[in-house]
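Working notes for the structure below.
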Amino acid sequence: MKILKLTKNVERSLLQSRKQRDADAHRVAVRIVADVRKRGDAALRHWTRKFDGFDLRDGMWVTAREIDKAGKSVSQDLHRAIHHAARNIRMVAQKQLPRVWSVQVEPGVNVAQIVRPIDAIGCYLPGGRFSLLSTLLMTVIPAMVAGVKRIVVVSPKPNAELLAAASIVGVSRIARFGGAQAIAGLAYGTQSLAPVDKIFGPGNRFVTAAKQLVSGDCAIDVPAGPTEAIVLANTGNARWIAADLLAQAEHAPDAGSFLVTASRQLALRTQEEIRKQLKSLTSANPAHVSVPRSGSILLARSMEEAFEFVNRFAPEHLSLPGRQQGLLNKISAAGTVFLGPWSAQPFGDYATGSNHVLPTGGWARARAGLSAADFVKCITTQTITRRGFQSLADDVQSLAHAEGLLAHAHAVEVRR
(Lines give C-alpha, C1' and ligand atoms only; values in the text may rest on other atoms or scores of the structure.)
Protein backbone atom coordinates (compact mmCIF):
# COMPACT_ATOMS: atom_id res chain seq x y z
CA MET A 1 0.00 0.00 0.00
CA LYS A 2 1.50 3.31 -1.12
CA ILE A 3 2.03 6.37 1.08
CA LEU A 4 0.71 9.48 -0.66
CA LYS A 5 0.78 13.09 0.44
CA LEU A 6 -2.78 14.33 0.90
CA THR A 7 -2.65 17.10 -1.68
CA LYS A 8 -5.60 18.79 -3.37
CA ASN A 9 -4.92 16.78 -6.53
CA VAL A 10 -4.87 13.47 -4.63
CA GLU A 11 -8.11 14.35 -2.87
CA ARG A 12 -9.78 15.44 -6.10
CA SER A 13 -8.77 12.20 -7.79
CA LEU A 14 -10.15 10.07 -4.95
CA LEU A 15 -13.45 11.92 -4.80
CA GLN A 16 -13.98 12.02 -8.56
CA SER A 17 -13.21 8.33 -9.01
CA ARG A 18 -16.31 7.47 -6.96
CA LYS A 19 -18.57 9.62 -9.14
CA GLN A 20 -17.77 7.89 -12.40
CA ARG A 21 -20.82 6.18 -13.84
CA ASP A 22 -20.25 2.56 -14.74
CA ALA A 23 -21.49 2.78 -18.33
CA ASP A 24 -20.79 -0.87 -19.12
CA ALA A 25 -22.70 -2.14 -16.09
CA HIS A 26 -25.57 0.23 -16.85
CA ARG A 27 -25.78 -0.97 -20.46
CA VAL A 28 -25.86 -4.64 -19.42
CA ALA A 29 -28.39 -3.98 -16.66
CA VAL A 30 -30.73 -2.12 -19.05
CA ARG A 31 -30.84 -5.15 -21.32
CA ILE A 32 -31.41 -7.64 -18.50
CA VAL A 33 -34.07 -5.58 -16.71
CA ALA A 34 -35.99 -5.05 -19.95
CA ASP A 35 -35.84 -8.77 -20.72
CA VAL A 36 -37.14 -9.79 -17.29
CA ARG A 37 -39.99 -7.28 -17.58
CA LYS A 38 -40.90 -8.75 -20.93
CA ARG A 39 -40.38 -12.50 -20.45
CA GLY A 40 -40.52 -13.03 -16.69
CA ASP A 41 -39.42 -16.48 -15.53
CA ALA A 42 -37.98 -17.37 -18.93
CA ALA A 43 -35.59 -14.42 -18.70
CA LEU A 44 -34.66 -15.32 -15.11
CA ARG A 45 -33.76 -18.83 -16.26
CA HIS A 46 -31.79 -17.56 -19.26
CA TRP A 47 -29.62 -15.05 -17.40
CA THR A 48 -29.08 -17.33 -14.40
CA ARG A 49 -27.88 -20.13 -16.65
CA LYS A 50 -25.64 -17.70 -18.56
CA PHE A 51 -23.98 -16.04 -15.56
CA ASP A 52 -24.21 -18.58 -12.75
CA GLY A 53 -24.28 -21.86 -14.66
CA PHE A 54 -27.41 -22.97 -12.79
CA ASP A 55 -30.62 -24.23 -14.38
CA LEU A 56 -33.59 -22.83 -12.48
CA ARG A 57 -35.75 -25.63 -13.88
CA ASP A 58 -34.02 -27.78 -11.26
CA GLY A 59 -35.59 -25.58 -8.59
CA MET A 60 -36.05 -21.83 -8.52
CA TRP A 61 -36.86 -21.79 -4.80
CA VAL A 62 -35.01 -23.39 -1.92
CA THR A 63 -37.34 -25.88 -0.25
CA ALA A 64 -38.31 -25.82 3.41
CA ARG A 65 -36.64 -29.22 3.77
CA GLU A 66 -33.33 -27.85 2.45
CA ILE A 67 -33.48 -24.91 4.84
CA ASP A 68 -34.25 -27.15 7.79
CA LYS A 69 -31.49 -29.59 6.82
CA ALA A 70 -28.94 -26.79 6.55
CA GLY A 71 -29.92 -25.52 9.98
CA LYS A 72 -29.06 -28.93 11.44
CA SER A 73 -25.87 -29.47 9.44
CA VAL A 74 -23.68 -26.59 10.60
CA SER A 75 -21.53 -26.57 13.70
CA GLN A 76 -22.69 -25.62 17.15
CA ASP A 77 -20.13 -22.82 17.13
CA LEU A 78 -21.79 -21.26 14.09
CA HIS A 79 -25.24 -21.76 15.61
CA ARG A 80 -24.11 -19.91 18.71
CA ALA A 81 -22.55 -17.11 16.69
CA ILE A 82 -25.66 -16.60 14.56
CA HIS A 83 -27.92 -16.51 17.62
CA HIS A 84 -25.56 -14.04 19.33
CA ALA A 85 -25.42 -11.71 16.33
CA ALA A 86 -29.18 -11.98 15.74
CA ARG A 87 -29.93 -11.04 19.34
CA ASN A 88 -27.82 -7.90 19.13
CA ILE A 89 -29.17 -6.88 15.71
CA ARG A 90 -32.73 -7.33 16.99
CA MET A 91 -32.03 -5.21 20.07
CA VAL A 92 -30.62 -2.31 18.04
CA ALA A 93 -33.44 -2.56 15.47
CA GLN A 94 -36.06 -2.26 18.20
CA LYS A 95 -34.42 0.97 19.37
CA GLN A 96 -34.36 2.32 15.81
CA LEU A 97 -38.08 1.95 15.11
CA PRO A 98 -39.92 5.28 14.81
CA ARG A 99 -42.43 5.84 17.57
CA VAL A 100 -46.11 6.69 17.56
CA TRP A 101 -46.71 10.21 18.84
CA SER A 102 -49.40 12.86 19.08
CA VAL A 103 -49.23 16.61 19.66
CA GLN A 104 -51.82 19.34 20.05
CA VAL A 105 -50.30 22.14 18.00
CA GLU A 106 -53.01 24.54 19.18
CA PRO A 107 -56.45 24.12 20.75
CA GLY A 108 -58.59 22.03 18.43
CA VAL A 109 -55.74 21.01 16.12
CA ASN A 110 -54.07 17.65 16.70
CA VAL A 111 -51.32 16.08 14.59
CA ALA A 112 -50.15 12.52 15.20
CA GLN A 113 -47.90 9.88 13.70
CA ILE A 114 -48.76 6.24 13.17
CA VAL A 115 -46.20 3.67 12.03
CA ARG A 116 -46.99 0.91 9.54
CA PRO A 117 -44.62 -1.72 8.07
CA ILE A 118 -43.90 -2.00 4.37
CA ASP A 119 -46.01 -4.88 3.03
CA ALA A 120 -43.38 -6.74 0.98
CA ILE A 121 -39.61 -6.44 0.68
CA GLY A 122 -36.83 -8.17 -1.20
CA CYS A 123 -33.43 -8.88 0.37
CA TYR A 124 -30.54 -9.30 -2.06
CA LEU A 125 -27.66 -11.38 -0.72
CA PRO A 126 -24.42 -11.38 -2.72
CA GLY A 127 -23.20 -14.81 -3.74
CA GLY A 128 -20.02 -14.15 -5.67
CA ARG A 129 -16.74 -14.80 -3.89
CA PHE A 130 -18.56 -15.25 -0.58
CA SER A 131 -22.11 -16.06 0.44
CA LEU A 132 -22.79 -13.39 3.03
CA LEU A 133 -25.00 -14.86 5.73
CA SER A 134 -24.36 -11.72 7.80
CA THR A 135 -26.21 -9.64 5.19
CA LEU A 136 -29.20 -11.92 5.60
CA LEU A 137 -29.23 -11.13 9.32
CA MET A 138 -28.75 -7.40 8.73
CA THR A 139 -31.66 -7.11 6.28
CA VAL A 140 -34.13 -9.73 7.45
CA ILE A 141 -34.06 -9.10 11.21
CA PRO A 142 -34.87 -5.35 11.04
CA ALA A 143 -37.67 -6.21 8.60
CA MET A 144 -39.10 -8.72 11.06
CA VAL A 145 -38.80 -6.24 13.93
CA ALA A 146 -40.67 -3.70 11.79
CA GLY A 147 -43.45 -6.20 11.11
CA VAL A 148 -42.99 -6.70 7.36
CA LYS A 149 -45.41 -9.42 6.23
CA ARG A 150 -43.66 -10.79 3.13
CA ILE A 151 -39.88 -11.13 2.99
CA VAL A 152 -38.30 -12.57 -0.16
CA VAL A 153 -34.59 -13.43 -0.17
CA VAL A 154 -32.69 -13.83 -3.43
CA SER A 155 -29.13 -15.14 -3.66
CA PRO A 156 -27.18 -16.93 -6.38
CA LYS A 157 -26.04 -20.34 -5.17
CA PRO A 158 -26.91 -19.94 -1.46
CA ASN A 159 -24.62 -22.15 0.61
CA ALA A 160 -25.36 -24.24 3.72
CA GLU A 161 -24.20 -21.51 6.11
CA LEU A 162 -26.53 -18.95 4.60
CA LEU A 163 -29.44 -21.39 4.66
CA ALA A 164 -28.63 -22.22 8.28
CA ALA A 165 -28.89 -18.55 9.17
CA ALA A 166 -32.22 -18.42 7.34
CA SER A 167 -33.43 -21.40 9.32
CA ILE A 168 -32.41 -19.86 12.64
CA VAL A 169 -34.10 -16.49 12.06
CA GLY A 170 -37.17 -17.96 10.36
CA VAL A 171 -36.80 -17.09 6.67
CA SER A 172 -38.79 -19.39 4.40
CA ARG A 173 -38.77 -17.73 0.96
CA ILE A 174 -35.36 -17.97 -0.71
CA ALA A 175 -34.75 -17.90 -4.47
CA ARG A 176 -31.65 -19.32 -6.17
CA PHE A 177 -30.99 -16.44 -8.55
CA GLY A 178 -29.09 -13.18 -8.31
CA GLY A 179 -27.62 -10.45 -10.47
CA ALA A 180 -29.52 -7.74 -12.30
CA GLN A 181 -32.17 -10.31 -13.21
CA ALA A 182 -33.02 -10.82 -9.55
CA ILE A 183 -33.44 -7.08 -8.99
CA ALA A 184 -35.75 -6.85 -12.01
CA GLY A 185 -37.76 -9.84 -10.82
CA LEU A 186 -38.22 -8.32 -7.36
CA ALA A 187 -39.19 -4.93 -8.77
CA TYR A 188 -41.60 -5.99 -11.50
CA GLY A 189 -42.55 -9.56 -10.65
CA THR A 190 -42.63 -12.66 -12.85
CA GLN A 191 -44.92 -15.65 -13.18
CA SER A 192 -43.33 -17.19 -10.06
CA LEU A 193 -42.44 -14.06 -8.11
CA ALA A 194 -44.81 -11.34 -6.94
CA PRO A 195 -43.25 -7.86 -6.98
CA VAL A 196 -42.07 -6.27 -3.73
CA ASP A 197 -42.35 -2.68 -2.51
CA LYS A 198 -38.69 -2.13 -1.63
CA ILE A 199 -35.36 -3.85 -2.31
CA PHE A 200 -32.54 -4.12 0.23
CA GLY A 201 -28.98 -5.42 0.22
CA PRO A 202 -25.67 -4.78 -1.58
CA GLY A 203 -24.40 -6.43 -4.74
CA ASN A 204 -21.89 -6.13 -7.55
CA ARG A 205 -21.83 -3.29 -10.06
CA PHE A 206 -24.53 -4.90 -12.23
CA VAL A 207 -26.82 -5.28 -9.22
CA THR A 208 -26.17 -1.66 -8.26
CA ALA A 209 -26.92 -0.50 -11.81
CA ALA A 210 -30.14 -2.53 -11.86
CA LYS A 211 -31.25 -1.08 -8.51
CA GLN A 212 -30.72 2.41 -9.87
CA LEU A 213 -32.73 1.54 -12.97
CA VAL A 214 -35.76 0.16 -11.12
CA SER A 215 -35.74 2.81 -8.36
CA GLY A 216 -38.34 4.87 -10.20
CA ASP A 217 -40.81 2.00 -9.85
CA CYS A 218 -39.64 0.18 -6.71
CA ALA A 219 -38.00 1.77 -3.67
CA ILE A 220 -34.41 0.78 -2.83
CA ASP A 221 -32.25 1.08 0.26
CA VAL A 222 -28.89 2.83 0.57
CA PRO A 223 -26.81 3.30 -2.58
CA ALA A 224 -24.18 0.56 -2.45
CA GLY A 225 -20.86 0.72 -4.21
CA PRO A 226 -17.45 -0.76 -3.37
CA THR A 227 -16.67 -1.13 0.34
CA GLU A 228 -14.79 1.78 1.93
CA ALA A 229 -12.84 2.03 5.18
CA ILE A 230 -10.81 4.84 6.69
CA VAL A 231 -8.72 4.70 9.84
CA LEU A 232 -8.04 8.23 11.09
CA ALA A 233 -5.23 8.33 13.61
CA ASN A 234 -1.99 10.04 14.58
CA THR A 235 -1.00 7.40 17.11
CA GLY A 236 -2.00 3.80 17.65
CA ASN A 237 -1.17 0.16 17.20
CA ALA A 238 0.03 -0.17 13.60
CA ARG A 239 -0.60 -3.92 13.65
CA TRP A 240 -4.25 -3.44 14.58
CA ILE A 241 -4.73 -0.61 12.10
CA ALA A 242 -3.27 -2.70 9.27
CA ALA A 243 -5.54 -5.61 10.17
CA ASP A 244 -8.66 -3.40 9.98
CA LEU A 245 -7.63 -2.05 6.58
CA LEU A 246 -7.01 -5.54 5.21
CA ALA A 247 -10.31 -6.79 6.63
CA GLN A 248 -12.35 -4.37 4.50
CA ALA A 249 -10.07 -4.85 1.46
CA GLU A 250 -11.02 -8.53 1.62
CA HIS A 251 -14.52 -7.78 0.31
CA ALA A 252 -13.42 -7.12 -3.27
CA PRO A 253 -10.44 -5.94 -5.34
CA ASP A 254 -12.06 -2.50 -5.75
CA ALA A 255 -12.64 -1.98 -2.03
CA GLY A 256 -11.03 1.21 -0.74
CA SER A 257 -9.01 1.03 2.49
CA PHE A 258 -7.19 4.13 3.73
CA LEU A 259 -5.15 5.25 6.70
CA VAL A 260 -5.32 9.04 7.07
CA THR A 261 -2.67 10.43 9.39
CA ALA A 262 -0.34 13.35 9.98
CA SER A 263 2.31 11.02 11.42
CA ARG A 264 4.93 9.79 8.96
CA GLN A 265 6.13 7.33 11.58
CA LEU A 266 2.67 5.73 11.93
CA ALA A 267 2.33 5.70 8.15
CA LEU A 268 5.61 3.79 7.72
CA ARG A 269 4.87 1.33 10.53
CA THR A 270 1.39 0.61 9.14
CA GLN A 271 2.74 0.18 5.62
CA GLU A 272 5.19 -2.44 6.86
CA GLU A 273 2.51 -4.19 8.89
CA ILE A 274 0.22 -4.39 5.85
CA ARG A 275 3.03 -5.94 3.84
CA LYS A 276 3.75 -8.55 6.52
CA GLN A 277 0.13 -9.42 7.28
CA LEU A 278 -0.82 -9.60 3.62
CA LYS A 279 2.05 -11.99 2.99
CA SER A 280 0.94 -14.17 5.89
CA LEU A 281 -2.74 -14.15 4.84
CA THR A 282 -2.07 -14.91 1.19
CA SER A 283 0.31 -17.74 1.97
CA ALA A 284 -2.37 -19.33 4.16
CA ASN A 285 -5.21 -18.90 1.65
CA PRO A 286 -4.25 -17.05 -1.54
CA ALA A 287 -7.65 -17.45 -3.20
CA HIS A 288 -9.54 -15.52 -0.53
CA VAL A 289 -7.43 -12.45 0.20
CA SER A 290 -7.65 -9.22 -1.80
CA VAL A 291 -4.67 -6.96 -2.24
CA PRO A 292 -5.94 -3.44 -1.40
CA ARG A 293 -5.42 -2.01 -4.89
CA SER A 294 -7.86 0.87 -4.34
CA GLY A 295 -6.39 1.95 -1.01
CA SER A 296 -3.46 3.96 0.24
CA ILE A 297 -1.94 5.67 3.25
CA LEU A 298 -2.68 9.39 3.07
CA LEU A 299 -0.22 11.67 4.83
CA ALA A 300 -1.87 14.96 5.81
CA ARG A 301 -0.03 18.11 6.88
CA SER A 302 -2.09 18.26 10.07
CA MET A 303 -4.85 16.36 11.80
CA GLU A 304 -7.18 19.29 11.14
CA GLU A 305 -6.61 18.78 7.41
CA ALA A 306 -7.13 15.06 7.90
CA PHE A 307 -10.53 15.58 9.56
CA GLU A 308 -11.63 17.96 6.81
CA PHE A 309 -10.74 15.39 4.16
CA VAL A 310 -12.59 12.57 5.97
CA ASN A 311 -15.77 14.64 6.18
CA ARG A 312 -15.61 15.42 2.47
CA PHE A 313 -14.92 11.76 1.66
CA ALA A 314 -17.77 10.59 3.97
CA PRO A 315 -16.55 6.99 4.30
CA GLU A 316 -18.72 3.94 4.80
CA HIS A 317 -16.57 2.77 7.76
CA LEU A 318 -14.49 5.09 9.91
CA SER A 319 -12.21 4.10 12.79
CA LEU A 320 -10.98 6.54 15.42
CA PRO A 321 -8.63 4.33 17.45
CA GLY A 322 -7.07 7.23 19.36
CA ARG A 323 -7.97 8.02 22.95
CA GLN A 324 -8.17 11.81 22.50
CA GLN A 325 -11.36 13.41 23.76
CA GLY A 326 -13.60 15.27 21.34
CA LEU A 327 -12.55 13.48 18.14
CA LEU A 328 -16.08 12.35 17.37
CA ASN A 329 -17.35 15.94 17.58
CA LYS A 330 -15.25 16.74 14.51
CA ILE A 331 -16.94 14.08 12.36
CA SER A 332 -19.96 15.18 10.35
CA ALA A 333 -20.22 12.47 7.67
CA ALA A 334 -19.65 8.70 7.96
CA GLY A 335 -21.71 5.55 7.63
CA THR A 336 -20.58 4.16 10.97
CA VAL A 337 -17.78 5.12 13.38
CA PHE A 338 -15.68 2.71 15.46
CA LEU A 339 -14.39 4.39 18.59
CA GLY A 340 -11.29 3.29 20.49
CA PRO A 341 -8.51 0.78 19.75
CA TRP A 342 -10.55 -2.32 20.63
CA SER A 343 -13.37 -1.52 18.19
CA ALA A 344 -12.25 -3.71 15.29
CA GLN A 345 -14.34 -3.08 12.19
CA PRO A 346 -15.38 -6.76 11.76
CA PHE A 347 -17.35 -6.50 15.03
CA GLY A 348 -19.68 -4.12 13.23
CA ASP A 349 -19.79 -6.33 10.16
CA TYR A 350 -21.15 -9.19 12.22
CA ALA A 351 -22.28 -8.86 15.77
CA THR A 352 -22.47 -5.51 17.56
CA GLY A 353 -26.03 -5.11 16.32
CA SER A 354 -25.33 -1.96 14.34
CA ASN A 355 -26.33 -2.53 10.71
CA HIS A 356 -23.55 -3.18 8.19
CA VAL A 357 -25.58 -2.10 5.14
CA LEU A 358 -24.11 1.40 4.87
CA PRO A 359 -23.91 4.28 2.37
CA THR A 360 -20.85 4.35 0.12
CA GLY A 361 -19.58 6.70 -2.55
CA GLY A 362 -20.03 9.79 -0.38
CA TRP A 363 -23.73 9.20 0.31
CA ALA A 364 -22.98 9.33 4.04
CA ARG A 365 -23.00 13.12 3.64
CA ALA A 366 -26.75 12.90 3.15
CA ARG A 367 -28.08 9.72 4.73
CA ALA A 368 -27.46 7.08 7.37
CA GLY A 369 -27.03 3.35 7.10
CA LEU A 370 -29.84 0.84 7.07
CA SER A 371 -32.10 0.72 10.12
CA ALA A 372 -35.47 -0.64 11.15
CA ALA A 373 -36.89 2.75 10.18
CA ASP A 374 -36.24 1.90 6.51
CA PHE A 375 -38.80 -0.91 6.72
CA VAL A 376 -41.75 1.18 7.89
CA LYS A 377 -43.88 4.08 6.71
CA CYS A 378 -44.58 6.97 9.07
CA ILE A 379 -48.10 8.24 8.37
CA THR A 380 -49.35 11.49 9.86
CA THR A 381 -52.95 12.04 10.94
CA GLN A 382 -54.62 15.42 11.38
CA THR A 383 -57.71 16.12 13.45
CA ILE A 384 -59.31 19.59 13.39
CA THR A 385 -62.30 20.32 15.63
CA ARG A 386 -64.76 23.23 15.22
CA ARG A 387 -62.57 25.30 17.54
CA GLY A 388 -59.49 24.46 15.48
CA PHE A 389 -61.36 25.30 12.28
CA GLN A 390 -62.25 28.74 13.57
CA SER A 391 -58.63 29.35 14.60
CA LEU A 392 -57.13 28.34 11.25
CA ALA A 393 -59.77 29.32 8.68
CA ASP A 394 -58.93 32.98 8.04
CA ASP A 395 -55.19 32.41 7.73
CA VAL A 396 -55.58 29.34 5.51
CA GLN A 397 -57.88 31.29 3.18
CA SER A 398 -55.38 34.16 3.04
CA LEU A 399 -52.57 31.77 2.15
CA ALA A 400 -54.69 30.02 -0.50
CA HIS A 401 -55.63 33.34 -2.15
CA ALA A 402 -51.96 34.40 -2.12
CA GLU A 403 -51.13 31.28 -4.13
CA GLY A 404 -54.10 31.71 -6.45
CA LEU A 405 -55.65 28.41 -5.36
CA LEU A 406 -59.27 29.49 -5.12
CA ALA A 407 -60.71 26.00 -4.70
CA HIS A 408 -58.55 25.59 -1.60
CA ALA A 409 -60.06 28.73 -0.13
CA HIS A 410 -63.54 27.59 -1.16
CA ALA A 411 -63.15 24.24 0.68
CA VAL A 412 -62.72 26.26 3.87
CA GLU A 413 -65.44 28.81 3.04
CA VAL A 414 -68.17 26.18 2.53
CA ARG A 415 -67.69 25.03 6.13
CA ARG A 416 -68.30 28.43 7.70
Side-chain angles (χ1 to χ4, degrees), residues 1-19 225-249 255-278 292-349 352 354 358-369:
M1 184 178 280
K2 293 182 179 179
I3 298 176
L4 302 174
K5 288 185 178 180
L6 185 55
T7 64
K8 291 295 182 183
N9 286 338
V10 168
E11 178 179 329
R12 189 180 303 112
S13 176
L14 288 172
L15 296 179
Q16 288 180 348
S17 67
R18 300 191 304 172
K19 295 180 180 179
T227 295
E228 305 162 345
I230 285 181
V231 176
L232 176 59
N234 233 16
T235 61
N237 187 318
R239 186 182 180 203
W240 295 4
I241 291 171
D244 268 5
L245 295 175
L246 288 173
Q248 295 306 326
S257 290
F258 303 91
L259 167 63
V260 182
T261 182
S263 168
R264 177 172 290 277
Q265 185 180 24
L266 181 62
L268 291 169
R269 291 204 316 267
T270 303
Q271 183 185 48
E272 178 60 18
E273 276 294 336
I274 288 173
R275 186 193 66 77
K276 290 194 298 186
Q277 291 182 33
L278 190 58
R293 293 201 300 259
S294 299
S296 55
I297 297 171
L298 302 174
L299 191 59
R301 287 174 295 185
S302 68
M303 284 303 285
E304 195 62 36
E305 181 184 69
F307 273 100
E308 291 173 0
F309 165 75
V310 167
N311 284 325
R312 286 192 290 269
F313 191 92
E316 178 187 16
H317 306 87
L318 173 64
S319 288
L320 300 176
R323 299 180 183 276
Q324 302 96 324
Q325 294 296 317
L327 292 183
L328 186 59
N329 294 334
K330 297 183 178 182
I331 297 300
S332 62
T336 189
V337 183
F338 297 86
L339 298 171
W342 295 98
S343 300
Q345 291 187 7
F347 286 130
D349 286 341
T352 62
S354 182
L358 299 163
T360 63
W363 278 98
R365 288 191 296 270
R367 68 148 296 156

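These values consider heavy atoms only, across backbone and side chains, with no hydrogens, waters or symmetry-generated copies.
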Review point. By side-chain contact (heavy atoms from CB on, under 4.5 Å), which residues pair with Ala368, not counting sequence neighbours?
Key: none

Check your understanding: So do Phe307 and Ile331 actually touch side chain to side chain, heavy atoms under 4.5 Å?
Key -> yes

Study note, to complete from the structure: Hits for ring pair (Phe, Tyr, Trp, His ring centres under 6.0 Å) against Phe309, two or more places apart or cross-chain, chain-then-number order -> Phe313

Review point. What heavy-atom pair brings Gly322 and Leu327 nearest, and what distance separates the two atoms?
Key: O-CD1, 4.4 Å

Point to revise | salt bridge (Lys or Arg N to Asp or Glu O under 4.0 Å) assessment of Glu272 paired with Arg269 | key: CA-CA 5 Å; Glu272 178 60 18; Arg269 291 204 316 267; over 6 Å; no

Practice item. Under the ring pair (Phe, Tyr, Trp, His ring centres under 6.0 Å) rule, collect the residues that match up with Trp363, sequence neighbours excluded. Key: none

Point to revise | Contact summary for Trp342 and Phe347, nearest pair of heavy atoms | key: O-CE1, 3.7 Å

**Study point:** Nearest heavy-atom neighbours spanning Ala364 and Gly335
**Key:** CB-N, 3.6 Å

Review point. Run the side-chain contact (heavy atoms from CB on, under 4.5 Å) check on Leu266 and Ile241 step by step: do they pass?
Key: CA-CA 10 Å; Leu266 181 62; Ile241 291 171; 4.1 Å; yes

**Study point:** side-chain hydrogen bond (donor to acceptor under 3.5 Å, both in side chains) involving Ser13 - partner list, sequence neighbours excluded
**Key:** none

Review point. About how many Å separate CD1 of Ile297 and CD1 of Ile3, when rounded to the nearest 0.5 Å?
Key: 4.5 Å

Revision key, fill the gap. Correct closest heavy-atom pair for Ala333 and Pro315 would be O-CD, 3.7 Å

Review point. If only atom types and distance count, is the side chain of Ser319 paired as donor or acceptor with the main-chain N or O of Pro321 below 3.5 Å?
Key: no

Point to revise | Gap separating the CG atom of Leu318 from the CG atom of Leu232, nearest 0.5 angstrom | key: 6.0 Å

Practice item. Hey, could you give me the CG/CD1 distance between Leu298 and Ile230, rounded to the nearest 0.5 Å? Key: 7.5 Å

Exercise for review: Please name all residues satisfying ring pair (Phe, Tyr, Trp, His ring centres under 6.0 Å) with Phe338, sequence neighbours left out, ordered by chain then number.
Suggested key: none

**Study point:** Thr261/Leu299 under side-chain contact (heavy atoms from CB on, under 4.5 Å): CA gap, chis, key distance, verdict
**Key:** CA-CA 5 Å; Thr261 182; Leu299 191 59; 4.2 Å; yes

Review point. Does any pair with a residue in residues 327-346 pass salt bridge (Lys or Arg N to Asp or Glu O under 4.0 Å), and if so which ones, sequence neighbours excluded?
Key: Glu304-Lys330

Exercise for review: Could you tell me which residues satisfy side-chain hydrogen bond (donor to acceptor under 3.5 Å, both in side chains) with Thr227, sequence neighbours excluded, listed by chain and number?
Suggested key: none

Point to revise | For the student: nearest non-hydrogen atoms of Leu259 and Ala267, plus distance | key: CD2-CA, 4.3 Å

Practice item. Under the side-chain contact (heavy atoms from CB on, under 4.5 Å) rule, collect the residues that match up with Ala242, sequence neighbours excluded. Key: Thr270, Glu273, Ile274, Gln277

Practice item. May I have all residue pairs that pass salt bridge (Lys or Arg N to Asp or Glu O under 4.0 Å) and include part of residues 236-246, sequence neighbours excluded? Key: none

Exercise for review: Under the side-chain contact (heavy atoms from CB on, under 4.5 Å) rule, collect the residues that match up with Asp349, sequence neighbours excluded.
Suggested key: Gln248, His251, His317, His356

**Study point:** Any donor-acceptor N/O pair, Glu228 side chain to Glu316 backbone, under 3.5 Å
**Key:** yes

Check your understanding: Is there side-chain contact between Leu246 and Ser257, with at least one heavy-atom pair below 4.5 Å?
Key -> no

Review point. Do you know which two heavy atoms are closest between Asn311 and Ser332, and how far apart they sit?
Key: OD1-N, 2.8 Å

**Study point:** Other residues, nucleotides, ligands: >12 heavy atoms within 6.0 Å of Gln265 CD
**Key:** no

Exercise for review: Count the heavy atoms belonging to other residues, nucleotides or ligands that lie under 6.0 Å from CZ of Arg365, then report whether that count exceeds 12.
Suggested key: yes

Check your understanding: What residue pairs, at least two apart or across chains, pass salt bridge (Lys or Arg N to Asp or Glu O under 4.0 Å) with a residue in residues 1-13?
Key -> Glu11-Arg312

Practice item. Would you please name every residue forming a salt bridge (Lys or Arg N to Asp or Glu O under 4.0 Å) with Arg301, sequence neighbours left out? Key: Glu305

